[in-house]
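One structure is given here, and the rest of the page talks about it.
Fair warning: this is a prediction, and the values are worked out from it, not measured in the lab.
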Amino acid sequence: MSVNQQLPDNAAVSLATLRDTDRDRYLACLLSPAEKRGALAALYAFNAEIARIRDLVREPLPGEVRLQYWRDLLAGSGHGSTEANPLAAELLRAIKEHRLPVAALQGMVDARVFDLYDDPVETTAMLEGYAGETAAALIQLASLVLDPAAAPACADIAGHAGVAQAIAGATLLMPTHRARGQLFLPLQILSAVGLDRDTFLAGKDKERIGAAVEAFAGLGLDHLRKARTEGKLPRSIVSAYLPVALAEPVLLAAQRARAAVFEGDIRLAQWRRQLKMMRAAYAGRF
């Protein structure tokens, strides 16, 4: 019997969708307790859906409409039958069953409005706020599914881990972001190395661009260190942090590659990512 066949229909659809939209979190689901996989798949698939909207639309307005669908759903005023959308139905089931805070999910949707436009990230604090409402919120929500009693005490760990993960993700997406004139590297960091937004996106000043990338990755590594030293994770919520284990290799590779992050994929191979997450699950740390 396959993993999907062991789950109710909507949960199986969520997991199958996640396999196509976020392979790393799909594996994190498989490494989680079987009885929690449906809810985790719903959360992760929801996150993948709102995170990829910018890639599916050419203009911000259609993206805003897609986000509004999820706002309405979470507010209890969805249009049409929820059952027509298995991801939506499974998300609502997860919220009800695990008493998840709807405000956190609404915050995730609102934060993704920023993705639809090309406004710059002004400061590191602004970036940390965005990461807190997206990556960190997702870790904390997954932790609540896994162990609602243990999760609240680990909120600071989730916060730092989410920032590290968000910075690693933004680093991987730099070639895509650059192609469409988007930038998640804070202007505060660019200014510190003598660059502005347009010069960075032009890609010609390799030395200063490399310094900016190195500093950006260093910020991510600093948050990862803080997450790891904030306290010991209860074994019960470790699987919520498994995707964070993939941040460090990306950030270290970015520091080595510097300006060359624009020229290729610096991720570990898929099998190495899977092995790293499995080792993290076995060791109980990220």
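- In the hydrophobic clustering of this structure, Phe114 groups with Leu190; members are Ile, Leu, Val, Met, Phe, Trp, Tyr whose side-chain heavy atoms approach within less than 4.5 Å, directly or through other members.
- Taken to the nearest 0.5 Å, the OG atom of Ser14 stands 14.5 Å off from the CZ atom of Arg37.
- Salt-bridge formation is detected for the pair Arg208/Asp205: a Lys NZ or Arg NE/NH1/NH2 atom is positioned less than 4.0 Å from an Asp or Glu carboxylate oxygen.
- For Arg180, the CZ atom is densely surrounded, since the number of other residues' heavy atoms within 6.0 Å is greater than 12.
- In this structure, Arg52 CZ and Arg66 CZ are separated by 7.5 Å, a value rounded to the nearest 0.5 Å.
- Within a 6.0 Å sphere centred on CD of Glu35, heavy atoms belonging to other residues, nucleotides or ligands number more than 12.
- Between Asp20 and Tyr26, the side chains place no donor N or O within less than 3.5 Å of an acceptor N or O (distance only, hydrogens not considered).
- Within a 6.0 Å radius of CE in Met126, other residues, nucleotides and ligands contribute more than 12 heavy atoms.
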TODO: Output, in order, the C-alpha distance, side-chain angles, deciding distance and verdict of side-chain hydrogen bond (donor to acceptor under 3.5 Å, both in side chains) for Gln68 and Asp72.
DONE: CA-CA 6 Å; Gln68 189 60 45; Asp72 292 344; 2.8 Å; yes

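- Arg25 places no side-chain N or O within 3.5 Å of a backbone atom of Pro243 that could act as its donor or acceptor partner.
- The ring of Tyr130 has its center closer than 6.0 angstrom to the ring center of Phe184.
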- [ ] Take Leu183 and His177 through the side-chain contact (heavy atoms from CB on, under 4.5 Å) test and state the conclusion after the steps.
- [x] CA-CA 6 Å; Leu183 181 64; His177 290 164; over 6 Å; no

Task: Full working for side-chain contact (heavy atoms from CB on, under 4.5 Å) between Lys36 and His98 - done: CA-CA 10 Å; Lys36 305 290 188 178; His98 297 280; 4.2 Å; yes

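- Linking Ile, Leu, Val, Met, Phe, Trp and Tyr whenever their side-chain heavy atoms come within less than 4.5 Å leaves Val65 and Leu87 in two separate clusters.
- For the atom pair Glu90 CD and Glu97 CD, the distance stands at 8.5 Å (nearest 0.5 Å).
- Clustering ILVMFWY residues whenever any of their side-chain heavy atoms sit less than 4.5 angstrom apart, transitively, puts Leu252 in a cluster other than the one holding Leu275.
- Counting non-hydrogen atoms of neighbouring residues, nucleotides and ligands closer than 6.0 angstrom, the CD atom of Gln270 exceeds 12 such neighbours.
- With 3.5 Å as the limit, one finds a donor-acceptor pair spanning the side chains of Tyr117 and Glu64.
- For Thr199 (side chain) and Leu195 (main-chain N/O), no donor-acceptor pair under 3.5 Å exists by modelled atom type.
- For Phe46, the ring-ring contact (aromatic ring centres under 6.0 Å, His included) criterion is met by Trp70, not counting sequence neighbours.
- Partner of Asp118 under the salt bridge (charged side-chain N to carboxylate O under 4.0 Å, His left out) criterion, out of Arg178, Arg197, Arg54: Arg54 alone.
- Both Ile209 and Leu187 belong to a common hydrophobic cluster when Ile, Leu, Val, Met, Phe, Trp and Tyr are linked at side-chain heavy-atom distances under 4.5 angstrom.
- Between the side chain of Arg93 and the backbone N or O of Ala89, no donor-acceptor pair lies under 3.5 Å.
- The CG atom of Asn47 sits 4.5 Å away from atom CG of Leu138, with the distance rounded to the nearest 0.5 Å.
- Checked for salt-bridge contact, Glu207 and Arg258 meet the test: a charged N lies under 4.0 Å from a carboxylate O.
- Residues passing the ring-ring contact (aromatic ring centres under 6.0 Å, His included) test with Phe262, sequence neighbours excluded: Phe200.
- A salt bridge links Arg228 and Glu248; the closest N-O separation between the charged side-chain nitrogens and carboxylate oxygens is under 4.0 Å.
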TODO: Give the C-alpha distance, both sets of side-chain angles, the deciding distance and a yes or no for side-chain contact (heavy atoms from CB on, under 4.5 Å) between Cys29 and Leu15.
DONE: CA-CA 8 Å; Cys29 275; Leu15 192 62; 3.8 Å; yes

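- Atom CZ of Arg285 has 12 or fewer neighbouring heavy atoms from other residues, nucleotides or ligands inside a 6.0 Å radius.
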Scan the side chains in residues 151-176 for donor-acceptor partners under 3.5 Å anywhere in the protein, sequence neighbours excluded, and list what turns up.
unit_1	atom_1	unit_2	atom_2	d
His160	ND1	His223	ND1	3.0
Thr171	OG1	Ile167	O	2.7

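- Residue Leu92 is grouped with residue Tyr69 when hydrophobic side chains (ILVMFWY) are merged at heavy-atom distances under 4.5 angstrom, including chains of intermediate members.
- With values rounded to the nearest 0.5 angstrom, Gln188 atom CD is found 10.0 Å from Leu127 atom CG.
- A donor-acceptor contact shorter than 3.5 Å is absent between the side chain of Lys276 and the backbone of Leu246.
- Counting only distance, with no hydrogens or angles, the side chain of Glu133 and the backbone of Ala111 share no donor-acceptor pair below 3.5 Å.
- A distance of 9.5 Å separates CG of Leu219 from CG of Leu251, quoted to the nearest 0.5 Å.
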